[in-house]
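What follows is a single structure, written as structure tokens, with notes after it.
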2 protein chains.
Amino acid sequence: MESKTRIVKSAELKNSIIKRLYFDKALSCADLSEVLEKSVPSVSKAISELIEEGFLMEQGYAPSSGGRRPLMYCLQPSAMYIVTVAMDQLSTRIQMVDLHNQPIAETVMTELKLFHNPNALTLLIDYINDYIDASGVPRDKIVGIGIGMPGFIDSAKGFNYTYLDSDGQSLTELIAEKTGAPVYIANDSSLIAIAEQKFGVAKNHNDVMVINLGWGIGLGMIVNGELYRGHSGFAGEFSHIPLFDDGALCTCGKRGCLEAEASMLVVAEKAIQGIKDGHISSLKHTDKDPYKVVGNAIMEAANNGDQFAIELLSDAGYKIGKALAILIHIMNPESIVLSGRGAIVGKILLAPIQQALTKYCIPRLAKSTELLISELGFNAELIGTAVLIMENFDKDNKNQSIINKQLSMEKTSKN
Amino acid sequence: MESKTRIVKSAELKNSIIKRLYFDKALSCADLSEVLEKSVPSVSKAISELIEEGFLMEQGYAPSSGGRRPLMYCLQPSAMYIVTVAMDQLSTRIQMVDLHNQPIAETVMTELKLFHNPNALTLLIDYINDYIDASGVPRDKIVGIGIGMPGFIDSAKGFNYTYLDSDGQSLTELIAEKTGAPVYIANDSSLIAIAEQKFGVAKNHNDVMVINLGWGIGLGMIVNGELYRGHSGFAGEFSHIPLFDDGALCTCGKRGCLEAEASMLVVAEKAIQGIKDGHISSLKHTDKDPYKVVGNAIMEAANNGDQFAIELLSDAGYKIGKALAILIHIMNPESIVLSGRGAIVGKILLAPIQQALTKYCIPRLAKSTELLISELGFNAELIGTAVLIMENFDKDNKNQSIINKQLSMEKTSKN
DNA sequence: TATACTTTTTAAAATAATTTAAAAAGTGCT
DNA sequence: AGCACTTTTTAAATTATTTTAAAAAGTATA
């Protein structure tokens with residue numbers, strides 16, 4: 001009888017090879033041996049097994065660095081697939097990517113209201129199942145389903161305390177049961193943060209604060225190279241820190257929150273009021289436009305040089321800068337990334353933010369943090385969701401099923 | 001010829017056993033096997049070797065939990081010693097403890113001004129050397145010298161950018177060279193934090209914020225179970241976050257810093273002014289008293305029920321509470337510990353802090369963080385220093401020398 | 001008080017992983 | 001073009017670690 005432990009042990013190394021190659025695209029046997037701190041023969045053996053099993057493939061020879069040219073290995077993209085879901089309060093996007101992070105079809109976007117919608121969860125599950133069915137990918141080839149959503153989220157336990165009420169049951173367990181694939185959930189800002197750290201402007205930075213500028217102001221924190229979510233999963237609740245002594249009333253019931261002073265929603269409100277008051281601007285506005293339309297219009301106008309729009313954004317930027325000063329003092333990060341929807345006016349925000357940092361930061365601290373603007377755009381959350389799945393690939397047993405299945409299939413075919 | 005690798009490999013396990021026993025006092029072979037994730041035979045072999053080498057000893061049998069009683073092992077206290085140094089701006093304490101954390105003599109306290117004192121470093125080295133010489137402990141039995149000091153400190157590189165100018169050379173390397181033992185330095189607040197997490201009220205908490213209430217306001221952060229110091233070692237610069245719109249002028253040159261509004265030094269200043277203005281209080285004061293004497297007097301008076309002193313501290317407490325609200329929003333810690341000198345009036349500060357948290361925190365967040373008062377007192381920093389040394393015991397090669405020496409001695413004696 | 005069931009520890013066997021050595025495949029200089 | 005030097009890969013030998021099995025020392029219960 002074959003020992004179970006041997007399979008598990010050898011699967012451990014194989015999983016970490018797969019994970020590593022997902023992030024680093026292509027590596028030689030020697031590279032893998034070094035980064036995984038395993039001997040070359042061990043890695044070599046695992047690689048040839050993985051190739052036989054269809055997870056890896058040879059990619060060709062890399063240029064020599066003064067000796068024999070290394071044979072590079074990469075993941076077989078069609079070996080497994082990742083389902084990525086990005087939700088906001090109004091709509092949900094679904095996408096499936098292969099192991100090279102390439103989408104296998106167009107992103108599907110559906111209306112799905114989270115607020116006061118008891119059917120939201122059922123609908124979400126239906127959408128996901130429909131999408132997977134339509135893709136034609138069998139369930140056992142899906143590494144996992146990652147779902148990014150707003151709200152107070154406990155990733156470890158799988159709960160969202162704000163939306164998608166699941167009647168006390170774990171969201172991840174429930175959805176996994178109904179879809180037949182492992183499920184991970186996370187806060188949208190967290191996902192944007194890991195996307196920026198793995199594939200964005202903060203690549204390989206160990207301590208990064210990613211600001212999710214949108215209708216609210218989110219914060220995703222990378223601490224010691226890992227996503228930090230705090231003791232109960234609520235860390236990064238940046239938008240409700242008490243920042244202004246007698247500020248505007250916030251939706252949370254308190255006064256002076258950052259969100260109530262500097263979010264894109266507030267900028268939109270101010271724009272509407274300003275135009276009513278007769279400000280000169282290229283912005284047009286009818287009372288029926290939802291704030292989001294106005295918000296997008298402002299950002300576009302600002303990028304086209306509209307002075308009123310730039311003024312409004314600068315004002316918000318300065319306030320965000322004050323909040324970032326606090327963040328820098330506490331966290332001393334390597335970089336701060338402006339991401340999310342608001343990133344498209346990142347360059348306009350940069351100046352007032354810097355100005356605020358100069359005023360509110362100890363120079364030594366301000367100097368040691370870099371301010372960056374995201375280049376990932378709207379895709380950040382979907383990318384982050386895929387990262388979330390692969391980050392857990394070696395830690396969790398959920399995925400072990402895939403390799404174990406493969407192994408048992410092999411055995412069967414041999415008999 | 002004996003393979004060098006074998007010694008290193010086996011030393012790795014041995015080091016982690018020593019480290020573990022330092023923190024957990026006494027464990028059985030089975031316990032160690034479980035926590036270190038090594039097989040029982042491996043651990044068993046390492047233990048018997050460590051006993052032979054004089055590092056471990058049998059402590060007796062623990063009560064059975066339903067089977068054979070486990071034989072408990074603990075460290076041989078006299079096997080090695082740790083030198084702990086705690087500095088503040090005016091004075092320096094030196095102490096040596098054994099592996100059971102027991103002081104081997106009285107703590108020595110010396111005047112040593114850090115500010116504008118070019119001789120400070122030389123004096124420090126002399127004091128340490130004198131202390132070690134007086135103790136009679138040979139240098140090769142010293143695991144390390146840990147030094148806690150105020151200022152901007154980069155522990156990894158061994159620099160203090162505020163005090164003890166070493167002309168571009170690493171402080172740790174310099175002192176190690178002159179004392180003949182490995183040296184580690186860290187910020188005082190960081191040390192208090194790790195002391196609280198390993199041996200204090202926040203024992204085994206993974207995410208803890210420790211407030212060092214003193215003449216300034218420091219912050220030591222434990223994140224994911226480890227001390228967090230940020231990208232360049234400056235994280236936790238809590239006392240200079242911009243908190244009040246038009247606050248008092250701070251020593252850092254800015255306005256509205258927490259430190260300028262709520263440190264014990266400020267409380268002392270206000271007390272002096274208040275008495276001048278005719279406030280009724282048990283406090284007596286002459287103009288020549290240094291602020292520190294006044295500060296201590298206020299804390300004592302407050303604990304004895306003096307209303308004016310309590311009022312002053314409450315005011316400071318409320319402001320600290322507002323700052324803690326920000327910290328909770330960002331970090332969502334398991335607990336916040338009030339430590340440092342100010343901890344003796346912790347109970348008085350608790351009420352106004354809670355009040356501020358209720359006002360400025362989202363309830364869900366406030367609820368998930370526990371407010372604790374330190375019980376370690378004045379010793380926290382010295383304990384933290386010892387922890388610092390032992391935390392690095394398995395990571396670093398500095399200590400390997402000890403076990404290697406032991407090994408080569410053994411060999412010599414056999415020849 | 002004997003029996004069934006625990007848990008810890010020791011010893012022997014099996015297996016996994018690393019080290020060492022050697023071969024293969026290049027680079028760069030004379 | 002050939003030689004010295006690199007780096008990567010493969011193969012064999014060695015070493016380390018784990019698993020398995022068994023013994024030792026207790027507890028709880030019928």
Side-chain angles (χ1 to χ4, degrees), chain A residues 1-17 20-21 24 26-52 56-74 394 400 403 407, chain B residues 1-17 20-21 24 26-52 56-74 394 400 403 407:
Chain A
M1 198 185 74
E2 196 162 36
S3 128
K4 193 183 174 184
T5 340
R6 205 173 76 207
I7 296 176
V8 173
K9 271 274 160 185
S10 103
E12 253 171 45
L13 177 56
K14 288 185 190 176
N15 282 345
S16 49
I17 289 174
R20 200 75 208 189
L21 283 173
D24 292 349
L27 293 170
S28 72
C29 178
D31 292 337
L32 282 165
S33 163
E34 201 184 330
V35 295
L36 301 176
E37 293 179 300
K38 293 279 156 186
S39 70
V40 172
S42 303
V43 173
S44 174
K45 191 186 162 211
I47 287 176
S48 39
E49 283 177 28
L50 281 169
I51 289 177
E52 235 183 85
L56 255 59
M57 56 191 220
E58 297 179 354
Q59 207 206 27
Y61 291 93
S64 160
S65 58
R68 175 170 169 176
R69 292 188 311 189
L71 182 53
M72 305 303 279
Y73 300 93
C74 69
D394 59 343
Q400 221 105 82
I403 285 196
L407 278 166
Chain B
M1 196 187 73
E2 197 162 37
S3 128
K4 193 186 174 183
T5 340
R6 205 172 78 207
I7 296 176
V8 173
K9 271 274 158 186
S10 102
E12 254 171 44
L13 176 56
K14 287 184 189 176
N15 282 345
S16 49
I17 290 174
R20 200 78 208 187
L21 283 172
D24 292 349
L27 293 169
S28 71
C29 177
D31 293 337
L32 282 165
S33 162
E34 203 185 329
V35 295
L36 301 177
E37 294 180 297
K38 292 279 156 187
S39 70
V40 172
S42 301
V43 172
S44 176
K45 191 186 162 213
I47 287 175
S48 37
E49 283 178 27
L50 280 168
I51 289 177
E52 237 182 84
L56 255 61
M57 57 191 220
E58 297 179 355
Q59 207 206 29
Y61 292 94
S64 160
S65 59
R68 174 169 169 176
R69 292 188 312 189
L71 182 53
M72 305 303 278
Y73 300 92
C74 67
D394 58 344
Q400 222 105 82
I403 285 198
L407 277 166

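First the proteins, then the strands, lettered A, B, ... as listed; each starts at 1. Basis for what follows: all heavy atoms, side chains included, without hydrogens, waters or symmetry-related copies.
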[X] [atom1] to [N] [atom2], straight-line distance once rounded to whole Å:
X: B:Ile51; N: C:dT9; atom1: CD1; atom2: P; value: 11 Å
X: A:Leu13; N: C:dA17; atom1: CG; atom2: P; value: 8 Å
X: B:Glu12; N: C:dA17; atom1: CD; atom2: C1'; value: 14 Å
X: A:Glu37; N: C:dA17; atom1: CD; atom2: P; value: 15 Å
X: A:Tyr61; N: C:dG26; atom1: OH; atom2: P; value: 7 Å
X: A:Ile47; N: C:dA17; atom1: CD1; atom2: P; value: 15 Å
X: B:Leu32; N: C:dT9; atom1: CG; atom2: P; value: 10 Å
X: B:Leu27; N: C:dT9; atom1: CG; atom2: P; value: 11 Å

Of B:Asp31 and A:Lys38, the one whose closest nucleotide on DNA chain C sits nearer the 5' end is B:Asp31
Looking for any heavy atom pair under 4.0 Å, which part of the strands does A:Ser44 touch: base, sugar-phosphate only, or nothing? sugar-phosphate
B:Ser39 side-chain proximity, nearest of D:dT17, C:dT19, D:dT8: D:dT17
State which of C:dT9, D:dT18, C:dT19 makes the closest approach to the side chain of B:Leu71.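 Of all the options, the side chain of B:Leu71 is nearest to C:dT9.
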Can you sort out the partners of A:Ser33 under side-chain hydrogen bond (donor to acceptor under 3.5 Å, both in side chains), two or more places apart, ordered by chain and number? none
Who pairs with B:Ser48 by side-chain hydrogen bond (donor to acceptor under 3.5 Å, both in side chains), at least two apart in sequence or on another chain?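 With sequence neighbours excluded, B:Ser48 shows a side-chain hydrogen bond (donor to acceptor under 3.5 Å, both in side chains) to no residue whatsoever.
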If each of A:Arg69 and A:Pro41 is mapped to the nucleotide of DNA chain D with the nearest heavy atom, which maps nearer the 5' terminus, i.e. the 5' end?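 In this pair, the answer is A:Arg69.
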Is any side-chain N or O of B:Ser42 closer than 4.0 Å to OP1 or OP2 of D:dT18?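 Looking at the OP1 and OP2 atoms of D:dT18, one of them is under 4.0 Å from a side-chain N or O of B:Ser42.
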I would like to know whether B:Arg20 and B:Asp31 meet side chain to side chain contact (heavy atoms under 4.5 Å, CB included); could you show each step before the answer? CA-CA 10 Å; B:Arg20 200 78 208 187; B:Asp31 293 337; over 6 Å; no
Would you check if A:Tyr73 and A:Met57 make a side-chain contact, meaning some heavy-atom pair closer than 4.5 Å?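 With C-beta onward as the side chain, the pair stays apart.
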When B:Leu32 is tested against each of B:Asp24, B:Val40, B:Ile17 for side chain to side chain contact (heavy atoms under 4.5 Å, CB included), which residue passes?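 Output: one option passes, namely B:Ile17.
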